[in-house]
2 protein chains.
Amino acid sequence: MANTRSATNMTAIADALGVSAATVSNALSGKGRVSPELAEKIRAKAEEMGYVPSQTARALRTGRSGVFGLVLPDIANPLFPRIAQAIEHAAATAGYGVLIADSRGDSAAQTLAIQRLLERDVDGIVIVPRFGTRITDLGCPVSVIDSPSTPGNTVSADHWQGGQLIADHLLSLGHRHFAFVGHTPLSNVQGDRIGGMKSRLPKDARFETMWIDRIEAERGRGCPLGVKDLVARGITAFAATNDLHALRVLTELQQAGVKVPEDVSVTGFDDLVWSSVVTPGLTTVKQDMAAIADIAVGALIDVIEAGPQDAPVAENASGTAPKRAVAVGRADRVAMSLVERQTTGPAAGPAGGPARAQANNFPGDDAGAHSTSSLTQPLRRNEP
Amino acid sequence: MANTRSATNMTAIADALGVSAATVSNALSGKGRVSPELAEKIRAKAEEMGYVPSQTARALRTGRSGVFGLVLPDIANPLFPRIAQAIEHAAATAGYGVLIADSRGDSAAQTLAIQRLLERDVDGIVIVPRFGTRITDLGCPVSVIDSPSTPGNTVSADHWQGGQLIADHLLSLGHRHFAFVGHTPLSNVQGDRIGGMKSRLPKDARFETMWIDRIEAERGRGCPLGVKDLVARGITAFAATNDLHALRVLTELQQAGVKVPEDVSVTGFDDLVWSSVVTPGLTTVKQDMAAIADIAVGALIDVIEAGPQDAPVAENASGTAPKRAVAVGRADRVAMSLVERQTTGPAAGPAGGPARAQANNFPGDDAGAHSTSSLTQPLRRNEP
DNA sequence: CTAAGGTGATTAAACGATTAATCACCCTCT
DNA sequence: AGAGGGTGATTAATCGTTTAATCACCTTAG
């Protein structure tokens, strides 16, 4: 704004029309009392002069910057583009800008990143927290996107239900021997996803869980996961907690000469960019980022528009809920949807693939979000 | 800031110490004339009261918001995380915040996105332009990150040199029959990358170029690229213009039973997240995003600190360079570096693999950035 | 002894919008 | 006709910081 910003401010418009600046403000905001004719004249003049209101001045006066902060554990995370895009879109639609902050590194970096945002007077913060960090009261509205099982979570995909989708899909194809591939058990998201999958398994199903951080701690970064051994042990389906791990498994299998999906099936999570371009296309489960972003941003806006409930913590009659400036009470979980591609197929091999395993390709079973209840009802009986 | 912002402003500090607000300002900024003792007392008090300067007020007064805008053609682009992370880091280091704007969709969306940033009074904009859009004078400093062959480009990776790195590497392995895989010829970046590769080819080399947009226009999105046919025609190396296409080629080859790197080699560009986790690991070429971001942000800061050179366009004695508020004159290109992994190996097959092709695994030839000149000197002779 | 110069602080005017308070004026009702 | 009410505008304060201008005071030189 400094240099070339056209010096068209309210005063300039006011002078040009011989009215006061306040009248211009009222006319443009439609708030005060201005005659319709004059208001129209002012709007026209503003348009003509290319007037652009100064968000800065407005922010100073109103105490609202019109900007949200977005804090991510690691901007380089492949899911980030989706989140950022969705949040930016939701925020822009509501008239807000989005300031990004990267909290890569330790949780101290996260605190610092938040601090920087607060100094910039953001009106609210959307945060995808790091593992094991608890978001404390920031003194400004906060939306937390993580997992329904994270305390203080505001909204997130229903990872558990997504896991169920995957499990139901694989079960319906006749699979009974699974390998779940995650990165670290410290992540609530991964925990939920695997938990959801496990929750669907019938009594006759078996599974193993592989944690990549453990494996790499032993064998080094980027080491082979040894998937062929697992296949030899009878596993017919690898269900990873995200597409990156699924891709790793998929290519390692292909390299080892294991046919996908003929010999084994592979699934991922998140429907990242490459999922649709690899061969065979990766069956995965997708988050409705737009919906999540709308809720996260909506929660922020609700709190902001509710106005400053200055009363610090006292005056709390009911005494139950500590009055924090956090957007609570909306622990929404957004349903995930199955994206069925080519890495999943009927279970093969001697592992006793039942006849019904052949009956895949159920009509109407490949169209995005859907409940798979009809397929899994017989299995649910055996749930613990 | 609205609600819970601690009401600790300069006046509060001034009152607490019985001095004027101006003195507090001077003491904290070290600009005016304040006695050392008082200055120290003020700093201590500010610390004690948890004073945080209002960027908003400062912005209004100084005309500098301390925020840059970052415009990206499509936030969902897999390279975006790297760019955003690097820019955010460079900006934060220089004391600036980063406001994101997504210009997905057409170039009108890009204009709108830029408009939104300008309304928020950004001090400068870093933009990765869409294909074929020309960044006009925005009335604020702009850094363009695209390709050295794009007019108005400020800084970017040296895609041409990156291409040379790949070509030299493959040539040294004995490859002579190439397939270049790009998305669209409209992209300067992709054009440069392929151009660089071609520039290294000796007379006895042959190549074909595949444009994915063309292929998909015919056969539909996500269609097979038909790489096996190309292999049958004698191609031993697929060099893609980015890792996503490389991954597509790689998995299609694996699925078709073609061995990588034994039968054919595959290379990508950008060293995206998955390049290191797939099997075999993808040989690629990497951008030094940190350096690029530093230059892009540095150019912005240079222009800003040069102060408002108000003189519109007149007063331009030499008359050559139109005085735009654009950060020109730094058409830097940042060298790329080869990341050698397992998708590349000696050329095999009847296509006349020369003896020297077997002589791969040169000692010291697998360590990130390096010039491959010693390997390619004999070939350079034959350049056009 | 007084003018000049230096030092360390204060005053006050911005920046550009919002908004409560005020004012001038006209109309209507009793 | 005077009180009361509505309308359409203006005035002026305010948000928190920066900064040019000013001021009071002290020192030193002529």
Side-chain angles (χ1 to χ4, degrees), chain A residues 1-3 5-43 45-46 49-67 95 118-121 123 307-308, chain B residues 1-42 46 49-66 95 118-121 123 307-308:
Chain A
M1 124 199 216
N3 33 16
R5 177 65 170 278
S6 49
T8 313
N9 50 21
M10 284 196 161
T11 313
I13 300 178
D15 288 352
L17 256 43
V19 298
S20 75
T23 301
V24 175
S25 174
N26 285 328
L28 295 178
S29 66
K31 280 190 175 172
R33 290 183 304 208
V34 186
S35 69
E37 313 86 60
L38 181 53
E40 185 46 47
K41 244 170 56 182
I42 289 176
R43 270 191 295 272
K45 197 71 181 178
M49 298 176 72
Y51 169 69
V52 177
S54 159
Q55 293 281 346
T56 304
R58 180 175 296 165
L60 180 58
R61 175 62 226 236
T62 63
R64 311 235 294 238
S65 60
V67 173
L118 291 177
E119 285 180 17
R120 291 228 138 67
D121 294 336
D123 289 340
Chain B
M1 124 199 216
N3 33 16
T4 12
R5 177 62 170 279
S6 50
T8 313
N9 51 20
M10 286 198 161
T11 314
I13 299 179
D15 288 353
L17 257 44
V19 298
S20 76
T23 301
V24 175
S25 174
N26 285 329
L28 295 178
S29 68
K31 281 191 175 172
R33 291 185 302 209
V34 185
S35 67
E37 312 86 59
L38 181 53
E40 185 46 47
K41 243 169 60 181
I42 290 176
M49 296 177 73
Y51 170 69
V52 177
S54 159
Q55 293 281 347
T56 305
R58 178 176 298 166
L60 179 59
R61 174 62 224 236
T62 64
R64 310 235 295 240
S65 60
L118 291 177
E119 285 180 17
R120 291 227 137 69
D121 295 336
D123 290 338

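Side chains are part of it too, since the values below use all heavy atoms of this structure and drop only hydrogens, waters and symmetry mates. The chains referred to below are lettered A, B, ... by the order of the sequence lines, with proteins before strands, and numbering in each begins at 1.
- Which of D:dG16, C:dT10, D:dT18 sits closest to the side chain of B:Thr23 comes down to C:dT10.
- Each of C:dG8, C:dT18, D:dG8 was ranked by its minimum atom distance to the side chain of B:Arg33; first place goes to C:dG8.
- Applying the 3.5 Å distance criterion, the base of D:dT17 shares no donor-acceptor pair with the side chain of B:Arg61.
- Atom CD in B:Glu37 sits roughly 8 Å away from atom P in C:dG8 (whole-Å rounding).
- In the set C:dT11, D:dA12, D:dT17, C:dT11 carries the atom at the smallest distance from any side-chain atom of B:Ala22.
- Going from atom CG of B:Leu17 over to atom P of C:dA9 covers 11 Å, rounded to whole Å.
- Side-chain contact between A:Thr23 and A:Val34 is present, with at least one heavy-atom pair separated by less than 4.5 Å.
- The distance between atom CD of B:Gln55 and atom C1' of D:dC15, rounded to the nearest whole Å, is 16 Å.
- Applying the 4.0 Å criterion to OP1 and OP2 of C:dG16, one finds that A:Thr11 has every side-chain N and O outside that range.
- In this structure, B:Arg64 places its CZ atom 18 Å from P of D:dT17, rounding to the nearest Å.
- In terms of phosphate contacts, B:Thr62 brings no side-chain nitrogen or oxygen within less than 4.0 Å of OP1 or OP2 of D:dT17.
- In terms of phosphate contacts, B:Lys31 brings no side-chain nitrogen or oxygen within less than 4.0 Å of OP1 or OP2 of D:dT18.
- Checking C:dT10, D:dT18, C:dT19 against every side-chain atom of B:Val19, the shortest atom distance belongs to C:dT10.
- Between B:Arg58 and B:Pro53 there is a side-chain heavy-atom pair separated by less than 4.5 Å.
- Remark: A:Ser35 is in phosphate contact with D:dA9, judged by side-chain N or O atoms under 4.0 Å from OP1 or OP2.
- Counting only heavy atoms from C-beta on, A:Arg58 has its side chain closest to C:dT18 among C:dT18, D:dG16, C:dG16.
- When rounded to the nearest whole Å, the span between CG of A:Asn26 and P of D:dT7 equals 15 Å.
- The phosphate of D:dT10 (OP1 or OP2) has a side-chain N or O of A:Ser20 nearer than 4.0 angstrom.
- Between A:Ile42 atom CD1 and A:Asn26 atom CG the span is 8.5 Å, to the nearest 0.5 Å.
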